[in-house]
There are 2 protein chains.
Amino acid sequence: MTSSRRVLSTAEARREEVIAAARHVVAARGYHGTPTAEIARAAGISQAYLFRLFPTKLELFLVLTEDCFDRVADTFTQAAARARAAGEEPLVAMGMAYEELLADRDVLLLQLHTYAAADEPRIRNAVRRGYARLVDVVRRESGADDAQLQMFFAVGMLMNVVAAMRADEVDEPWAKVLMHQGK
Amino acid sequence: MTSSRRVLSTAEARREEVIAAARHVVAARGYHGTPTAEIARAAGISQAYLFRLFPTKLELFLVLTEDCFDRVADTFTQAAARARAAGEEPLVAMGMAYEELLADRDVLLLQLHTYAAADEPRIRNAVRRGYARLVDVVRRESGADDAQLQMFFAVGMLMNVVAAMRADEVDEPWAKVLMHQGK
DNA sequence: ATGGAGTGTGAGTATGCACTCACTCACTGT
DNA sequence: ACAGTGAGTGAGTGCATACTCACACTCCAT
């Protein structure tokens, strides 16, 4: 900032802002494809300060990964809770929740990029832990059996890809096949 | 080459070798994550010659993408043909064919990386065309309806992710849920 | 045998990148 | 009032990366 009336923030608040901004830019081109300078610009801070907030690009990406799985888990738990309150099937409600996520796009794409960067051992580990938790949450909330769970997550992965190739912008039969929500 | 008895190849043959080598190294870290120097080294040629064979890194990646979808389509057609000859269900046989692909790993991972790089318009376009063709092939070979097709491709996407996080190396219930082949 | 087309390279260039350093400015407690 | 702490940055550093250029060697048609 160069304005004469600069207002300081706390590092913790800044970190949150950076994560939010990074989520958006990293969703587009992923870990290897997004320069830290772009993340800093999106967050409205200097690159130098970005590196004070997060020691390395990898560390930032790991936080982003964690946060991404948190969001998906939260979306599912909330959808299941609403469903139970309304006397509906939790698994179906969680399935519908994919549409909420699709509307956002960033979380879905970020998730895809965490898989793509999983060659890096620490990222792979974060992805595994994240998935372990997701499977656990969905199983607990829905009581679904293994086959149902597999289908549930399979459709989820498909939604990632649909988001990545922007199949919703394509008006052709094959795109409809991929998007038409499991019913 | 510096050996006194150098044997020249044709550019076309070299291109094939480069694609094979690139498939393997790019499968690990994707478009943005794999330097052209590494591809050249893997192919056993100089970086300079790599750029004579393919005008840009993007152009090489597009060829790789095309080739990747070709391979998947071929695997499916062959599996379906075998199934029909043995009087079995083509869709089931094509599902099994995912296991062949999983064994290779490179093709599945490369596919994942094409999705991850789909922010680049030309890659996105190649992915869309590739998918259009795959859906077409599977529909034609199996006669499956839209819902079945969606499930088929959903499980395919799940296999990509399973390959990326190497879920097969994890001995935990959630990993079994994801991998246990749809039955 | 030789010239021309085609295969192949060593040694660059220019830009991009993750990360650092030395510093300034805002706020807080005394 | 001012010292000390923490927020924040401009201007780098050094290395990696995509891509190029001038040149060498091989093969083959004549």
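Lettering follows sequence order; numbering is per chain, from 1. Predicted model only: the values in this text are computed from it and were never measured.
Distance, B:E38 CD to D:dA16 P: 13 Å, rounded to whole Å. For the pair A:L60 CG and C:dA18 C1', the computed distance is 12 Å after rounding to whole Å. Atom CZ of A:R41 and atom P of C:dG16 are 11 Å apart (whole Å). Straight-line distance from the CZ atom of A:R14 to the C1' atom of D:dG6: 13 Å, rounded to whole Å. Atom CG of B:L50 and atom P of D:dC19 are 10 Å apart (whole Å). For the pair A:L58 CG and C:dC17 C1', the computed distance is 16 Å after rounding to whole Å. Between A:R52 atom CZ and D:dG8 atom P there is a gap of 10 Å when expressed in whole angstrom units. In this structure, A:R15 places its CZ atom 8 Å from P of D:dA7, rounding to the nearest Å.
For A:P35, taking side-chain heavy atoms from C-beta onward, the closest of the listed nucleotides C:dG10, D:dG8, C:dC17 is C:dC17. The side chain of B:F51 sits closest to D:dC19 out of D:dC21, C:dC17, D:dC19. For B:A48, whose side chain is taken as the heavy atoms from C-beta onward, the closest listed nucleotide among C:dT7, D:dT9, C:dG10 is C:dG10.
Formation of a donor-acceptor pair under 3.5 Å by the A:R128 side chain with backbone atoms of B:R166 is found in this model. In this structure, A:R15 contributes its side chain and A:L53 its backbone to a donor-acceptor pair below 3.5 Å.
Of the charged side-chain nitrogens involved, at least one lies within less than 4.0 Å of a carboxylate oxygen, so that A:R29 and A:E38 count as a salt-bridged pair. A salt bridge between A:E59 and A:R122 is present, with a side-chain N of the basic residue lying under 4.0 Å from a carboxylate O of the acidic one.
A residue-by-residue look at A:A37 and B:L53 shows that B:L53 has its nearest nucleotide of DNA chain C further toward the 5' end.
Between A:S46 and D:dG8 there is no side-chain polar atom (N or O) within less than 4.0 angstrom of OP1 or OP2.
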